[in-house]
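Please read the structure below before turning to the comments.
Computed from a predicted structure; not experimentally measured. Each chain gets a letter, A, B and so on, in the order its sequence line appears, and its residues count up from 1.
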Protein chains: 2
Amino acid sequence: MPRKKPSIDRVLHALGDPSRRAIMEKLSQGPISVSRLAEPLDITLAAVVQHLQVLEESGLVQTEKVGRVRTCRIEPGGLSVVDKWIADRRSMWEHRLDRLGDFLADPDEE
Amino acid sequence: MPRKKPSIDRVLHALGDPSRRAIMEKLSQGPISVSRLAEPLDITLAAVVQHLQVLEESGLVQTEKVGRVRTCRIEPGGLSVVDKWIADRRSMWEHRLDRLGDFLADPDEE
DNA sequence: ATAATTGTCAAGTGGATACTTAAGTAGTTT
DNA sequence: AAACTACTTAAGTATCCACTTGACAATTAT
């Protein structure tokens, strides 16, 4: 089955949840199985599996099942779409600040 | 009223919503009033105000009311907490990849 | 074969939340 | 003063979503 395109929408929604961020942080330490992932989190294994689905569909995590063990790891390129979105916003408003000193609208700052 | 500390949790949750991202994108073009912000979005003005509250509490947007008009603008440092979180994750797993070649899933390591 | 491990799936629940409507406030214009 | 503009606030609704339970499947160990 073809892997879904990781949109900024999917990715940011995925990262918006604390449990999923905890999973990302754990996975940053290295690949690990589902049940070992679940141990430190105080949610059930089933919940962890659901989070992993979201993370996988958003392109943040890759998993592979061998035998009865599913091993999860970070998908290194997954966060780049967020980087890009942020960079785009920043370039927009920074570029704007270059062109016109916006003291008119904002006398207080800068 | 002291401004709340913008945690990574607040910020990523705020950015997880498409309407709020649309607001961020519009604001990247420059400061604008609430009602003009609402025009292109097909949600009510009241909904926009609620989103703006979330964005402001997360430190992504700053607003200022003069007369009866509230002007909204990007808070330039607001996204840095996301940058930092991403950079931290990346440095973790990249550092790890430097140290040990991760040949295949080796469950009992270290 | 039996049991234990590791994960999967379906269905349901409770709480969060995005949104609407409607009424109200406070500046601004005429 | 009256009308209009630009929000603001409260309350209700409906959907979403994180999480649980419980039954099941598949692999590995005894």
A:S91: side chain to side chain contact (heavy atoms under 4.5 Å, CB included) partners, not counting sequence neighbours: none
Whole angstroms only, please: what is the CD-P distance between A:E57 and D:dC17? 12 Å
Just verifying a value: how many Å separate B:W85 CH2 and A:L15 CG, rounded to the nearest 0.5 Å? 5.0 Å
Atom-to-atom span, NZ of A:K65 to P of C:dT5 - whole angstrom: 17 Å
Under 4.0 Å from OP1 or OP2 of C:dT8: is there any side-chain N or O of A:R70 that close? yes
A:S19 meets the side chain to side chain contact (heavy atoms under 4.5 Å, CB included) criterion, sequence neighbours left out, with A:D17, A:I43, A:H51
Classify every nucleotide of nucleotides 15-20 of chain C by which part a protein heavy atom approaches to under 4.0 Å, writing B for the base, S for the sugar-phosphate alone and - for neither, in 5'-to-3' order. --SSBB
Under the side chain to side chain contact (heavy atoms under 4.5 Å, CB included) rule, collect the residues that match up with B:D9, sequence neighbours excluded. A:P18, A:R21, B:S7
Might you list the N or O atoms of the protein lying below 3.5 Å from N or O atoms in nucleotides 26-30 of chain D, with each pair's distance?
unit_1: D:dT27; atom_1: O2; unit_2: A:R68; atom_2: NH1; d: 2.9

B:A14 backbone acceptor or donor facing B:R20 side chain under 3.5 Å: yes
Contacts of B:Q29 that satisfy side chain to side chain contact (heavy atoms under 4.5 Å, CB included) - sequence neighbours left out: A:M92, B:K26
Stacked cation flag B:R89 on B:W93, 6.0 angstrom / 45 deg: no
Among A:T71, A:V49, A:L52, A:L45, side-chain contact (heavy atoms from CB on, under 4.5 Å) partner for A:L37: A:L52
Rounded interatomic separation in angstrom, taking CZ from A:R36 and C1' from C:dG7: 16 Å
Rounded to whole Å, how long is the line connecting atom CG of B:L52 with atom C1' of D:dC7? 11 Å
Find the distance B:E64:CD to D:dA6:P and express it as a whole number of Å. 17 Å
